[in-house]
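Note that the structure is predicted; figures quoted are calculated from it, not measured. Order of listing sets the numbers, starting from 1, for every ligand and every atom in it. Excluded from the calculations below are hydrogen atoms, water molecules and symmetry mates; all remaining heavy atoms, backbone and side chain alike, are included.
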Amino acid sequence: MSLKATAEAPANLAFVKYWGKQDSDLRIPTNNSISVNLSKAKTITSVEFDSTLNEDQLSVTNRDIPLESDFSNRVFRHLDRMRSLAGINQKAIVHTQNTFPTGVGIASSASGFAALTIAACSALGLDLTEKELSEMARLGSGSACRSIPDGFTEWIAADINNSSYAVQIAPADHWDLNIVTVVVSKQAKQLSSTYGHSLAMASPFFKARLESLPVRLETVRSAILGRDFDTFGRETEMEAISFHSIAMTSPIQNPGSWISGAYYWLPESLELILSVQQWRGSGLGVYFTLDAGPTVHLICLHKDLDRVISAVHEVESSRSDRKWDILINDPAMGAHLIAGDDLE
Ligand code: DP6
């Protein structure tokens, strides 16, 4: 009998960020975070366990940049967790592909580990609840736990039983938001998120950020539930800057070099940030956020989508030597099984 399954999972965009871990092995975050699943940034992964294999194999298609050296091991370690739960030792072949560029500030580890979790658990015959799947995905990459439920989700850092997983706060069709994701560079970031998390607490502002987050989480959650776009947009934008302020003020000591902090932005990211401020000044309802990369995510109501897209094109074409990838996202469903032939 073939132990095979294929799953699709969305990347998610955090409105309140996960940055800093209480426990890095278990990927327990220092704070709750809130995100939405992105319809145009997906990973499709198939997993086949096979008793004739001597070792796990990973093949990745549609990838612009080489695999990070430890990525395969991270995938195989994640398979081990699910194998040990199922009591099955067979090695596996994993095929995976992303519908979007990797390592530029769209959470590819979120979609990747969410899709891997759903496919491998199904192939192994594990019948887990959504909460258990979210906890399992978290062990592969923290933000992956938020790609399991549908729509808008909140990752509970630790509940009363000390478990850490994401829950839905509103379904995908709750609010007609669009996320216009502007990939200003496809060059992968120099500093991984995992490494960035480990530096966060060294920022002198980390404690102040943590203290401010309970109110911010409540504000963002209520603004989503009440569809209060301006409150939501303002808080989300301030949160992005709070997170980047921590990254920029967490010093990094590498052998032979010291830097005072990580700048995930590129000049084009700042150009867009300043443009958003101007657009708002002229009455366009749009806010920005950025994850750990130069990609700028613009958030607007669907009624303003066309104006936002034209405004982005205007900035893009102010220099003839550039062409940005632009993904127009709707809030999307979470990770789910699909027919295997959807993979190239
Ligand atoms: C900036 O989930 O990639 O995107 O748990 O080490 O895999 P690991 O980190 P990861 O961190 C994502 C950080 C972020 C913010 C967020 O998505 O909340």
Exam field: side chain Asp50 to backbone Ala92, donor-acceptor pair closer than 3.5 Å: no
Would you mind listing which atoms of ligand 1 come within a distance below 4.0 Å of any non-hydrogen atom of Ala292? 1 (C)
I'd like to know if Arg77 pairs up with Asp80 as an ion pair, taking the criterion as any Lys NZ or Arg NE/NH1/NH2 lying under 4.0 Å from an Asp or Glu carboxylate oxygen. no
Has the side chain of Gln22 got a donor or acceptor atom that lies under 3.5 Å from a matching backbone atom of Pro29? yes
Could you say whether the N/O atoms of Lys17 and ligand 1 ever approach to under 3.5 Å? no
Relative to each other, are the rings of Trp19 and His197 parallel, tilted or perpendicular (30° and 60° limits)? tilted
Which ligand 1 atoms, with their elements, are less than 4.0 angstrom from a heavy-atom of Asp291? 4 (O)
Should you measure from each heavy atom of Lys21, which atoms of ligand 1 turn up under 4.0 Å away? 5 (O), 6 (O), 8 (P)
Look at Arg234 together with Glu237 and state whether they make a salt bridge at an N to O cut-off of under 4.0 Å. no
So is His197 polar-close to ligand 1, meaning N/O to N/O under 3.5 Å? yes
Do me a favour and list the nearest non-hydrogen protein atom to atom 8 (P) of ligand 1 with residue, atom name and distance? Arg27 NE, 3.5 Å
Salt bridge Glu271-Arg319, side-chain N to carboxylate O under 4.0 Å: no
Heavy-atom pair with the smallest gap, counting every atom of Val16 and Ser33: O-CB, 3.0 Å
Side-chain heavy atoms under 4.5 angstrom apart, residues restricted to Ile, Leu, Val, Met, Phe, Trp, Tyr: same cluster for Val47 and Leu337? yes
For ligand 1, is there an N or O atom under 3.5 Å from any N or O atom of Gly142? yes
Examine the proximity of ligand 1 to Ala14 and report which part, side chain or backbone, both or neither, has a heavy atom under 4.0 Å away. side chain
Heteroatom distance test (Trp19, ligand 1): nitrogen or oxygen, under 3.5 angstrom: no
among protein heavy atoms, the one nearest atom 14 (C) of ligand 1 is Tyr18 O, 4.0 Å
Option of least heavy-atom distance to atom 6 (O) of ligand 1 (set: Asn31, Leu13, Thr194): Thr194
Could you tell me whether Arg74 approaches ligand 1 through its side chain, its backbone, both or neither, with non-hydrogen atoms closer than 4.0 Å? side chain
Can you tell me the protein heavy atom closest to atom 2 (O) of ligand 1 and the distance? Ser143 OG, 2.6 Å
Between Glu211 and Arg216, is there a side-chain N and carboxylate O pair less than 4.0 Å apart? no
Heteroatom distance test (Ser109, ligand 1): nitrogen or oxygen, under 3.5 angstrom: yes
Out of curiosity, is Arg146 lining ligand 1, as in a heavy atom under 4.0 Å away? yes
Assess Phe243 for proximity to ligand 1: is some non-hydrogen atom of it under 4.0 Å away? yes
Counting N and O atoms only, with roles assigned by atom type, does the side chain of Arg209 sit under 3.5 Å from a partner on the main chain of Ile246, one being a donor and the other an acceptor? no
